[in-house]
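To start, the structure under review is shown below, and the notes come after it.
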Amino acid sequence: MSADYEPRDIERKWQERWAADSLYQVTEDSSRPKWYALTMFPYTSGDLHIGHWYALAPSDAHARYMRMKGFNVLHPIGFDAFGLPAENAAISRSIHPHTWTMQNIENMRRQLKSIGAIYDWSREVITCLPEYYRWTQWLFLQFYHAGLAYRAKAAANWCPQCQTVLANEQVTADGTCERCQTPVTKKDLEQWFLRITKYADELLDHSKIDWPERIKLMQKNWIGKSTGAEISFALDVPGIEEKEIRVFTTRADTVYGVTFMVLAPEHPLVERLTTLERREEVSAYVAQSRRLSDIQRLSTEKEKTGVFIGACCINRLNGQPVPIWVADYVLMTYGTGAVMGVPAHDARDFDFAKKFGLPIPVVIAPPSWSGEELSEAYLEEGTMVNSGPFNGLPNSQGKEAIADHLEERGWGGRTITYRLRDWLISRQRYWGAPIPIVYCPKCGIVPVPEERLPVLLPSDAEFRPTGESPLKYHQGFVNTTCPNCGTPAKRETDTMDTFICSSWYFLRYTSPHYQDGPFDPDKMACWLPVDLYTGGAEHATMHLLYARFFAKALRDRGLLSFDEPFLRLYNQGIIIAQRQKMSKSRGNVVNPDAYVEEEGADAVRAYLMFVGPWDQGGDWNDRGLSGVSRWLHRVWHLVLTQPPSPSTATEEKTKELRRITHQTIKRVTHDIERFRFNTMIAALMEFTNDLSRLKEEGSVDFETWQEAIDSLLLLLAPSTPHLAEELWQRRNRPYSIHGQPWPSWDEALAAQEEFTLVIQVNGRLRDRVSAPVSITEAEAKELALGRERIKAHLDGKVVEKVIYISQRLVNVVTR
RNA sequence: GCCGAAGUGGCGGAAUGGCAGACGCGACGGUCUCAAAAACCGUUGGGGGGCGACUCCCGUGUCGGUUCGAAUCCGACCUUCGGCACCA
């Protein structure tokens with residue numbers, strides 16, 4: 001038995017022992033309340049960096065704590081294994097994505113095991129394996145049968161150089177192709193969508209979940225519910241079938257101020273309405289705007305552009321003709337793709353009118369307005385003017401009156417628009433779950449029957465440097481027969497967005513090898529919903545929104561019985577290095593392996609918890625780590641060296657030790673409950689400091705000392721599981737410490753007998769004195785006023801009042 | 001531009017209406033050593049006064065306010081970080 005703390009040896013020893021004993025294998029157990037503690041699974045990038053540890057170690061400590069509290073804890077881990085980097089590796093290094101991914105998983109699994117977490121490895125989920133993606137495809141079919149998956153033409157990112165479509169992730173921030181730096185344009189393609197917008201209102205409702213306000217707000221802004229009206233403008237152009245243009249507006253009250261109409265360049269009416277003499281200019285403008293990336297087009301810095309198309313529509317409310325323009329500041333994908341231009345009361349329309357010399361009539365008068373021209377758009381409340389029968393109304397009332405008016409006449413009416421779009425899930429990529437659809441010349445779109453799943457990715461795909469999906473050219477994959485009629489048919493060659501895979505992985509953990517469905521309904525009912533989900537805030541409007549959508553859609557399909565997948569969400573912050581975000585390009589990515597080897601996983605775990613409040617992130621610092629490591633060495637020696645001699649014990653010190661022990665149990669429990677790991681570790685450090693001092697004094701009895709040391713180890717168990725287990729064993733306590741109940745504290749034993757009474761004069765600290773906690777208000781005031789120092793400060797002054805805050809302070813107020 | 005979060009010693013941070021700086025790092029001094037490292041012990045916000053036990057003043061981004069009392073609550077501003085960004 002070595003005398004020194006050798007983390008490397010004891011960590012290896014216990015990880016092997018725990019694995020051999022299946023200590024963390026989880027089964028359903030109705031005798032204990034369940035606790036599903038989920039942490040966002042990592043992407044298989046190759047290496048776990050310290051940021052992963054920062055996410056995983058504290059959540060493991062909390063899950064271990066819940067386990068000791070008596071919960072049946074499911075705290076699983078897996079790998080988000082489909083995605084573009086694997087394919088890029090295939091192209092640049094001629095390694096198959098499957099090989100690359102599985103090699104990475106092997107390395108990451110080793111790293112994850114070194115954390116010493118309570119992961120039940122028998123529940124590991126890997127999204128790129130057919131066992132898993134079979135059910136991803138099955139779920140897609142459920143969406144399809146429910147009418148929630150549909151195929152539509154959409155403008156996809158197109159690289160003219162590579163001659164291929166790019167996923168959004170492949171377009172850089174400045175709108176160029178990731179591989180060849182060519183500006184990316186748009187190309188209309190048939191794509192698959194999931195109808196997430198159907199659930200927009202329900203997704204907006206966060207009332208059933210305990211999530212950070214910040215994330216709920218981000219989702220709310222992302223969904224962007226906007227209440228307004230649709231207004232029909234009359235079209236009377238010879239030879240044109242359409243008799244109206246509909247616009248969406250939140251400002252129906254300003255409809256008398258319309259001086260122009262703007263259509264998005266993609267609007268179908270642009271081509272039909274453009275007059276012969278304007279055709280050339282309009283076509284050039286439309287073509288140019290399609291060449292711009294969304295980012296360039298939507299930049300607020302960019303000056304307004306647009307072209308008059310030569311036609312007019314009629315504002316039905318006042319019968320005025322309205323010239324129709326095309327401009328790229330109007331988006332086809334929001335509202336109706338057409339906007340009524342009210343320059344006096346909309347900043348964008350104002351800029352547009354100024355640039356093209358269009359009139360800017362005021363229809364909502366500012367409070368002290370006397371007919372002058374506006375120098376900028378007036379967006380506030382006001383009285384309606386130049387608005388026919390609505391003149392004189394406050395605009396808020398006018399909005400309602402005009403909506404009524406529109407509805408009565410069939411010219412439009414109240415409506416709601418969302419910023420949220422349907423989820424485009426097609427990816428022209430190889431390394432994803434194939435969309436299980438066949439195109440038959442006779443039957444059209446035919447879903448692959450469930451019993452023929454999975455549609456397997458061919459392993460012999462050829463990766464071309466053009467970036468095109470190898471599936472497209474793989475004859476064995478593409479050519480099939482129609483499941484309906486047997487006619488030769490073609491397979492869909494697009495794969496699914498990897499966010500689909502991560503939208504349901506937490507369901508699969510309950511029964512990772514289940515053969516008859518994506519999850520065993522009984523196990524699902526036992527574990528779901530997730531009680532606590534931890535991970536980064538960067539997933540607010542992607543993964544976290546998609547997963548909620550999945551849960552609701554599957555609920556409506558009768559597969560799930562809950563509304564929300566994640567009852568509580570907690571976001572850890574970001575760990576930085578040298579005051580900068582870690583990134584490969586900066587070369588400051590911290591790999592934990594060497595630190596684990598040197599100082600031990602327990603020290604790395606404890607340091608990451610100690611570095612600061614978990615939700616605020618922290619700075620990785622080697623010296624900080626060695627401070628924590630030193631502390632663990634002190635703990636080691638404190639626990640293993642001889643206890644103080646009982647012959648020199650005093651009742652007072654024994655009482656003090658017992659009080660400190662119970663106070664520490666209380667503090668640590670409160671802190672870990674609230675994820676305040678930093679103050680939890682600080683409390684444990686203070687406790688060890690106190691124990692060292694008392695041991696030095698040799699002044700406490702044997703039994704109290706044993707209770708203190710056992711408590712210390714139990715409190716350490718979630719944070720430094722190996723060290724706690726080793727010391728527990730060396731004290732001949734029953735294996736395993738991780739099966740012990742969490743210690744409880746006795747309020748009476750934790751209670752102080754004395755406290756420091758702070759005495760202030762006019763709010764300034766002047767004295768302090770120890771006082772019994774039983775002191776009454778009158779006694780405290782008398783004690784305070786009797787102090788020599790206080791008397792000196794009161795000399796020559798009149799005491800106006802004396803404030804007493806129980807167990808804290810006395811404040812003497814003078815005139 | 002809009003929305004959100006945060007500003008405290010040399011550094012990470014603690015204290016969320018009541019002793020500012022817990023805990024840790026660093027620094028300085030000491031013990032041990034031939035020496036160094038490690039380990040351990042002590043000191044450590046700034047300034048002034050006293051031989052001294054001590055004592056006074058200033059101090060939580062800036063300026064104001066509320067309160068007996070403000071790092072903490074309110075208002076304005078500055079800075080940093082995050083999100084959204086022509087969404088009609």
Side-chain angles (χ1 to χ4, degrees), chain A residues 212-218 220-222 224-226 228-229 231 247-251 254 262 264 295 297-304 327-331 333-342 345-349 351-352 417-421 537-538 540-541 573-574 576 579 581 606-607 610-613 615-628 630-631 633-634 637 676 678-689 692 696 755-768 789 792 800-814:
Chain A
E213 289 303 321
R214 184 170 91 251
I215 302 292
K216 292 193 282 187
L217 191 66
M218 280 164 75
K220 185 170 170 264
N221 292 340
W222 184 261
K225 182 174 183 172
S226 184
I231 303 178
V247 301
F248 173 76
T249 181
T250 55
R251 294 297 305 274
T254 64
V262 191
I295 293 184
R297 209 173 123 175
L298 298 183
S299 162
T300 43
E301 311 298 315
K302 185 171 142 295
E303 206 181 323
K304 293 273 176 297
D328 64 8
Y329 80 90
V330 174
L331 306 175
T333 46
Y334 184 77
T336 61
V339 167
M340 62 181 205
V342 186
H345 306 293
D346 181 281
R348 298 152 297 179
D349 297 345
D351 291 347
F352 194 78
T417 296
Y418 299 89
R419 207 191 80 111
L420 182 72
R421 319 270 165 75
E538 67 274 16
T541 56
I574 296 168
I576 58 174
R579 307 172 154 275
K581 224 175 182 168
Y607 172 65
F610 182 63
V611 73
D615 57 347
Q616 282 172 38
D619 198 353
W620 177 265
N621 178 328
D622 292 7
R623 290 190 186 283
L625 173 66
S626 45
V628 170
R630 277 203 285 270
W631 167 59
H633 278 90
R634 284 200 297 273
H637 290 289
R676 300 299 297 257
N678 57 329
T679 48
M680 176 190 76
I681 299 290
L684 289 167
M685 287 172 167
E686 275 185 72
F687 188 36
T688 17
N689 291 346
S692 302
E696 205 65 31
F755 73 103
T756 304
L757 179 70
V758 170
I759 308 168
Q760 299 180 331
V761 177
N762 294 323
R764 300 172 82 93
L765 174 72
R766 293 304 178 195
D767 197 9
R768 34 188 144 193
R789 269 185 227 160
E800 193 172 82
K801 57 176 165 176
V802 182
I803 286 157
Y804 175 65
I805 304 297
S806 180
Q807 319 259 313
R808 283 198 194 273
L809 62 70
V810 170
N811 186 13
V812 184
V813 184
T814 66

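In what follows, chains are A, B, ... by sequence order, proteins preceding strands, each numbered from 1.
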message = So A/Asn678, base contact, sugar-phosphate only, or nothing? Heavy-atom distance under 4.0 Å.
response = sugar-phosphate
inquiry  = Could you check B/G83 for me: syn (within 90° of 0) or anti?
reply    = anti
remark   = The Watson-Crick or G-U wobble partner of B/A15, with both key distances under 3.5 Å, is none
request  = Using atom NE2 of A/His637 as one end and atom C1' of B/C40 as the other, report the distance to the nearest whole Å.
outcome  = 11 Å
note = Per nearest nucleotide of RNA chain B, the residue lying toward the 5' end, A/Gln760 or A/Ile681, is A/Gln760
request  = Give the rounded distance in Å between these two atoms: CG of A/Asn621 and P of B/G24.
outcome  = 15 Å
task = May I ask you to evaluate whether A/Arg764 reaches the phosphate of B/A70, defined as a side-chain N or O under 4.0 Å from OP1 or OP2?
result = no
query = OP1, OP2 of B/G69 versus side-chain N and O of A/Asn762: anything below 4.0 Å?
reply = no
Selection from B/C86, B/C68, B/C23 that lies nearest to any side-chain heavy atom of A/Val813 = B/C68
query = Is B/G4 paired to anything, Watson-Crick or G-U wobble with both distances less than 3.5 Å, and if yes, which nucleotide?
reply = B/C81
task = Can you figure out which of B/A20, B/G24, B/C3 approaches the side chain of A/Arg634 most closely?
result = B/G24
key: d(CZ, A/Arg623; P, B/G26) in whole Å   = 6 Å
query = Which class fits the ring pair A/Tyr334 and A/Phe248: parallel under 30°, tilted 30 to 60°, perpendicular over 60°?
reply = perpendicular
request  = Would you mind telling me which of B/C86, B/G18, B/A88 lies closest to the side-chain atoms of A/Leu809?
outcome  = B/G18
inquiry  = I want to verify a distance call: between B/G18, B/C23, B/A88, whose nearest atom is closest to the A/Ala682 side chain?
reply    = B/C23
remark   = Regarding the side chain of A/Val339, the nearest nucleotide among B/A39, B/C68, B/A88 is B/A88
query = Going by distance alone, is a donor N or O of one side chain under 3.5 Å from an acceptor N or O of the other, for A/Asp349 and A/Tyr329?
reply = yes
query = Closer than 4.0 Å, any side-chain N/O of A/Thr679 to the OP1 or OP2 of B/A22?
reply = no
Distance in angstrom units between A/Arg214 CZ and B/G83 P, rounded = 10 Å
key: Nearest-neighbour nucleotide for the A/Arg630 side chain, B/A39, B/G13, B/A88 considered   = B/A39
request  = Remember a base hit wins even if backbone is also touched, and classify A/Asp619 as base, sugar-phosphate or nothing at under 4.0 Å, heavy atoms.
outcome  = nothing
Side chain of A/Leu331 (C-beta onward), nearest among B/G13, B/A15, B/A88 = B/A88
B/U55 phosphate, OP1 or OP2, under 4.0 Å from A/Arg789 side-chain N/O = yes
inquiry  = Both distances below 3.5 Å, Watson-Crick or wobble geometry, any strand: find the nucleotide opposite B/U43.
reply    = B/A27
query = To the nearest angstrom, how far is A/Arg808 atom CZ from B/G69 atom P?
reply = 18 Å
task = Round to a whole Å and report the spacing from CD1 of A/Ile805 to P of B/G18.
result = 9 Å
query = With respect to the side chain of A/Arg766, which nucleotide from B/A88, B/C57, B/A14 is positioned closest?
reply = B/C57
message = Nearest to the A/Arg676 side chain among B/C23, B/A14, B/A88, which nucleotide is it?
response = B/A14
task = With the side chain of A/Pro613 defined as its heavy atoms from C-beta on, choose the nearest nucleotide among B/A22, B/A14, B/C40.
result = B/A14
message = Under 4.0 Å, heavy atoms only, any strand: does A/Asn689 hit a base, just the sugar-phosphate, or nothing?
response = sugar-phosphate
request  = Answer yes or no: does a side-chain N or O of A/Arg419 lie under 4.0 Å from OP1 or OP2 of B/A88?
outcome  = no
